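The next block holds one structure in the form of structure tokens; read it before the comments.
Please read all numbers here as calculations on a predicted model, not as lab measurements. Counting starts at 1 for both ligands and their atoms, following the listed order.
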Amino acid sequence: MKQAINRIWNPEMECMDIDVRREMQSQKLRETVKRVYDNVEMYRSRMIDAGITPDDIKTVDDLSKLPFTDKPDLRDQFPYGLFASPRKDIVRIQGSSGTTGMPIVSGYTQQDIDDWTEMVTRSVAAAGGSDEDIVQVTYGYGLFTGGLGLHQGASNVGAMVVPMSSGNTVRQINMMKGLGVTMIGCTPSYALHIGETIREMGLDIKDFKLKAGIFGAEPWSDNIRNRIEDLLQIDALDIYGLTEICGPGVSFECLEKVGMHVNEDFVIPEIIDPDTLQPLPYGELGELVFSTIGKQGMPMLRYRTHDLCRLHPEKCACGRTTVRMERIIGRTDDMLIIRGVNVFPSQVETVLTNIRGVSPHFLMVVDREGSTDRLEIQVEVTEEMMGDTISAMQVLQKEIGEKVKSTLGVAARIKLVDPKTIPRFEGKARRVTDNRIL
Ligand code: DLL
């Protein structure tokens with residue numbers, strides 16, 4: 001594997017003494033609260049309803065006094081209701097479609113774009129990126145924040161950027177090889193697909209110059225990391241973010257690969273119990289909530305991400321002192337409830353990546369027969385397995401079934417399907433078809 005080198009883009013901010021940082025966060029939080037109280041009707045009326053004024057928020061410890069914000073608020077306030085800056089100061093809109101059709105948009109002032117760029121730059125540098133690098137951006141460009149977000153960060157380290165956007169895998173691979181691309185950014189499922197396609201094309205990864213990849217926008221696991229690293233011979237690093245907060249770069253992994261460093265000079269993370277909505281201590285699993293500090297165009301106070309994860313405050317071996325997020329294990333809302341049991345697609349992925357003879361591509365199909373939920377998991381077998389006997393297939397099917405049942409706590413019908421029959425995605429992978437009418 002070509003060696004990526006750890007770089008800390010902004011040691012002053014990333015390695016800051018945690019007490020000094022907390023002081024700075026409190027100061028920036030006070031400014032943000034005042035800004036939204038003065039400029040955004042929804043925040044002002046909610047704070048009045050909660051019986052608080054900006055004077056009640058003095059330090060980070062007062063955060064829990066503030067009301068939450070959630071995705072429906074963005075839909076209700078579409079398009080400009082949550083903007084805290086005059087329209088003429090907004091220089092960019094990014095957005096995401098959401099699952100219910102109604103778009104949500106985020107507005108950025110030039111300062112917001114610069115801050116977001118700084119956040120992604122730290123991620124590119126942490127993956128070893130510098131002006132020596134050629135970075136292929138395979139996230140979609142457009143309203144989706146992935147393409148432009150990574151583009152800005154890679155440009156800022158001085159790298160040569162190849163703005164491919166998503167799609168056309170063979171062309172992606174030809175560019176990567178031809179230009180001697182050293183770093184790539186895309187979803188982890190697409191990185192896997194690129195790696196598999198390189199093999200199928202009969203190309204040798206030794207003829208590529210790739211050293212690192214920055215992968216995010218969907219949940220993935222260490223097993224998938226290992227596969228990508230093996231296929232592409234790179235360091236595969238995680239990056240997290242969401243449109244409502246800025247886009248990619250809210251947090252990012254360093255080469256230690258022990259969680260994603262939250263850019264705490266721009267956002268304050270919290271973990272809450274999604275049922276009681278009470279804050280949880282570091283180390284406990286719960287829903288991630290972010291407040292932006294410093295964002296002007298569309299500040300967010302206590303925004304509920306619905307992403308489930310844990311936070312860890314210990315200083316990292318890389319030297320950064322920022323809080324680290326564990327991998328996102330799923331979303332409270334892509335969580336399936338099957339016969340009363342909470343099930344996440346990421347659990348199925350973990351099972352499959354530990355079994356020989358199957359690929360990590362799968363589809364979960366849920367139906368309701370009478371009043372009983374039925375889960376079917378369609379699993380692709382590998383080419384090698386295809387040549388095996390029917391009884392070997394039956395053994396495999398049984399093995400998957402048993403492991404799924406013990407890991408998920410619910411039984412599933414396992415359907416083995418031919419290689420390459422489960423759809424591949426250039427953007428975020430969709431792993432669930434829920435046919436139940438609840
Ligand atoms: O996915 C921003 C992004 C682009 C992040 C490129 C990383 C790389 P949205 O489309 O608004 O923004 O989707 C945000 O995607 O709440 C998570 O559920 C999920 N997500 C994003 N990054 C990760 C990750 C972009 N590293 C939603 N691991 C978030 C797991 C992720 N889930």
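- Polar contact check, I328 against ligand 1: no nitrogen or oxygen pair lies under 3.5 Å apart.
- For atom 9 (P) of ligand 1, the nearest non-hydrogen atom of the protein is T243 OG1, 3.5 Å.
- Other residues, nucleotides and ligands place no more than 12 heavy atoms under 6.0 Å from the NZ atom of K405.
- The nearest heavy-atom contact from the protein to atom 28 (N) of ligand 1 is E218 O, 3.2 Å.
- In terms of protein heavy atoms, atom 25 (C) of ligand 1 is closest to G241 O, 3.5 Å.
- Remark: minimum distance from atom 19 (C) of ligand 1 to any protein heavy atom is reached at A217 O, 3.7 Å.
- At least one donor-acceptor pair closer than 3.5 Å links the side chain of K28 to the backbone N or O of D265.
- For T59 and R22, the side-chain atoms include no donor-acceptor pair closer than 3.5 Å.
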* Verify salt bridge (charged side-chain N to carboxylate O under 4.0 Å, His left out) between E200 and K420, making sure each step is shown before the conclusion. => CA-CA 12 Å; E200 275 161 29; K420 306 271 169 287; 3.0 Å; yes
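- Here E31 pairs with nothing under the salt bridge (charged side-chain N to carboxylate O under 4.0 Å, His left out) rule; sequence neighbours left out.
- Taking the six-membered ring where tryptophan is involved, the planes of F290 and Y240 are tilted, since the angle between them lies from 30° to 60°.
- Ion pair D235/K257 flagged as a salt bridge, since at least one NZ, NE, NH1 or NH2 atom sits closer than 4.0 Å to an Asp/Glu carboxylate oxygen.
- The protein atom (non-hydrogen) at minimum distance from atom 6 (C) of ligand 1 is Y139 CE2, 3.5 Å.
- In this structure, K428 is part of the shell of residues with a heavy atom less than 4.0 angstrom from ligand 1.
- With a heavy-atom cut-off of 4.0 Å, R331 touches ligand 1 through its side chain alone.
- For atom 29 (C) of ligand 1, the nearest non-hydrogen atom of the protein is D307 OD2, 3.3 Å.
- Listed by number with element, the atoms of ligand 1 under 4.0 Å from a non-hydrogen atom of L242 are 11 (O), 12 (O), 14 (C).
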